[in-house]
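First up is the structure itself, then whatever we jot down about it.
Just so it is clear, the values below take in all heavy atoms, side chains as well, and ignore hydrogens, waters and symmetry mates. Residues take their numbers from the sequence shown, with the count starting at 1.
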Amino acid sequence: MTYCVGLKLDRGLVFMSDTRTNAGIDSISTFRKMYVWEEPGERVIVLLAAGNLATTQAVVSLLNERAKAPPERSPSLLETPSMFRTAQLVGDTVKEVIASSTPAGQKADAFGASFILGGQIRGTEPRLFMIYPEGNFIESSEDTPFFQIGETKYGKPILVRAFEPKMSFAETAKLLFVSFDSTLKSNLSVGLPLDLLFYERDALKVGLRKRIMGDDPYYRTVAEGWSQALKSAFKSLPDFSY
């Protein structure tokens, strides 16, 4: 299982993903699920992946190969004129990989994968998309300023209640730490380390990019503090009368 989040702020974009991949309780591995393409001054593209590991790796490998190929041979995400066209390119690649991986007569569900795509291309606005296994996609809006993929249900309540587009990067990181800690405590198939990335509007280069390990002091402070805060809030509520 996986948990990935992408948020669109007034200030820019923030991404976080876990790194645990499991094929049963006795087969647990660590794999990166955050991929970045950067041409400073021109574009920054971030992709988060969830689902079948072979599918997500094949999608990323194809995108990497085509980014290095001559322009006339294949489309490249380093040459797309907009983030919308980039989302189309990623969606088409997802469809291509799943179609080629699915044996005749077998459902494609087993090979499914979903993605969060975000970034900015020079001369355009930062944008954030969620791409489905079918290759189609939706874009974030004022009403839906963040996307989650993978194991979403445990970490969603805090995002819905507390996220505000005017948040700073530091506040958003704190919010994500709480969201991920809630998910880690509820589902063992999501695990540390975590990957975190900040992209500031119009910077056209990656800001902070950090891997959070289990012994990270700030992560431990937030996890322990949130647990105590929940207990205190619960105790402060009035008891049920009967």
Does the side-chain contact (heavy atoms from CB on, under 4.5 Å) test come out yes or no for V190 and R20, once each step is laid out? CA-CA 6 Å; V190 177; R20 178 167 292 179; 5.8 Å; no
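Partners of I158 according to the side-chain contact (heavy atoms from CB on, under 4.5 Å) rule, which considers only residues two or more places apart in sequence or in another chain, are A162, L175, V178, S179, W226. Remark: E38 engages no residue in a side chain to side chain donor-acceptor pair (under 3.5 Å) (not counting sequence neighbours). With sequence neighbours left out, K210 forms a salt bridge (charged side-chain N to carboxylate O under 4.0 Å, His left out) with D216. T2 is linked by a side chain to side chain donor-acceptor pair (under 3.5 Å) to K33, counting only residues two or more places apart in sequence or in another chain.
Between L63 and W37 there is a side-chain heavy-atom pair separated by less than 4.5 Å. Contact check for T56 versus V60: no side-chain heavy atoms found under the 4.5 Å cut-off. Side-chain contact check for V5 versus F180: some heavy-atom pair is nearer than 4.5 Å. Side-chain contact between R209 and L197 is present, with heavy atoms from C-beta onward closer than 4.5 Å. Side-chain contact between D18 and T183 is absent, with no heavy-atom pair separated by less than 4.5 Å. Taking the side chain as every heavy atom from C-beta outward, L47 and M34 never approach each other to under 4.5 Å. Side-chain contact check for L204 versus Y199: some heavy-atom pair is nearer than 4.5 Å. For the pair V222/D181, no side-chain contact is recorded, criterion being any heavy-atom separation below 4.5 Å from C-beta on.
Going from atom NZ of K174 over to atom CZ of F169 covers 16.0 Å, rounded to the nearest 0.5 Å. Once rounded to the nearest 0.5 Å, the distance linking CG of N52 with CZ of F111 reads 7.0 Å. Interatomic distance, I116 CD1 to F15 CZ, rounded to the nearest 0.5 Å: 8.0 Å. Taken to the nearest 0.5 Å, the CZ atom of F198 stands 8.0 Å off from the OG atom of S168. Summarising the geometry, atom CD belonging to Q57 is positioned 12.5 Å from atom CG belonging to L62; distances are rounded to the nearest 0.5 Å. With rounding to the nearest 0.5 angstrom, the CG atom of L196 is 7.0 Å from the CG atom of L176.
In this structure, the side chain of T80 does not engage the main chain of S76 through any donor-acceptor pair within 3.5 Å. With hydrogens and angles disregarded, no donor-acceptor distance shorter than 3.5 Å links the side chain of S227 to the backbone of A223. The closest donor-acceptor contact from the side chain of S236 to the backbone of A233 lies under 3.5 Å. Between the R43 side chain and the L77 main chain, a donor and an acceptor come within less than 3.5 Å of each other. T55 places no side-chain N or O within 3.5 Å of a backbone atom of G112 that could act as its donor or acceptor partner. Judged purely by atom type and a 3.5 angstrom limit, K8 has no side-chain atom pairing as donor or acceptor with the backbone of G118. When atom types are taken as modelled, the side chain of Q88 and the backbone of D92 share no donor-acceptor pair closer than 3.5 angstrom.
Counting all heavy atoms, side chain and backbone alike, A49 lies closest to Y35 at CB-CE1, 4.2 Å. In terms of heavy-atom proximity, R220 sits nearest to G214 at CG-O, 3.7 Å. The two residues L13 and G119 have their closest heavy-atom pair at CD1-N, 3.3 Å. Between V94 and P133, the shortest heavy-atom distance links the atoms CG1-O, 3.5 Å. Shortest non-hydrogen contact noted between M213 and P193 is SD-CB, 3.5 Å. For the residue pair L128 and G6, the shortest heavy atom distance occurs at CD2-O, 3.4 Å.
Residues I131 and I121 share a single hydrophobic cluster, defined by chaining ILVMFWY side chains whose heavy atoms lie under 4.5 Å apart. Under the 4.5 Å side-chain heavy-atom criterion for ILVMFWY residues, no single connected hydrophobic cluster contains both M130 and V160. Both L7 and F177 are assigned to one and the same hydrophobic cluster, defined by single-linkage of ILVMFWY side chains at heavy-atom distances under 4.5 Å. Grouping the Ile, Leu, Val, Met, Phe, Trp and Tyr side chains by contacts below 4.5 angstrom, directly or via other members, places V36 apart from L194. Residues L208 and L192 are members of one and the same hydrophobic cluster, defined by side-chain heavy-atom contacts under 4.5 angstrom among Ile, Leu, Val, Met, Phe, Trp and Tyr.
In this structure, the ring of F115 has its center no less than 6.0 angstrom from the ring center of F147.
Annotation for L188: atom CG does not count as buried by contact number, only 12 or fewer foreign heavy atoms lying within 6.0 Å.
Counting only residues at least two apart or on different chains, the side chain to side chain donor-acceptor pair (under 3.5 Å) pairs with a member in residues 142-165 are Y3-Q148, E151-K153, E151-N187. Residue pairs satisfying the salt bridge (charged side-chain N to carboxylate O under 4.0 Å, His left out) criterion with at least one member in residues 194-207, sequence neighbours excluded, are listed as follows: R11-E200, E125-R201, D195-R211.
Ring geometry, F163 versus F146: the interplanar angle exceeds 60°, so the pair is classed perpendicular (tilted spans 30 to 60°).
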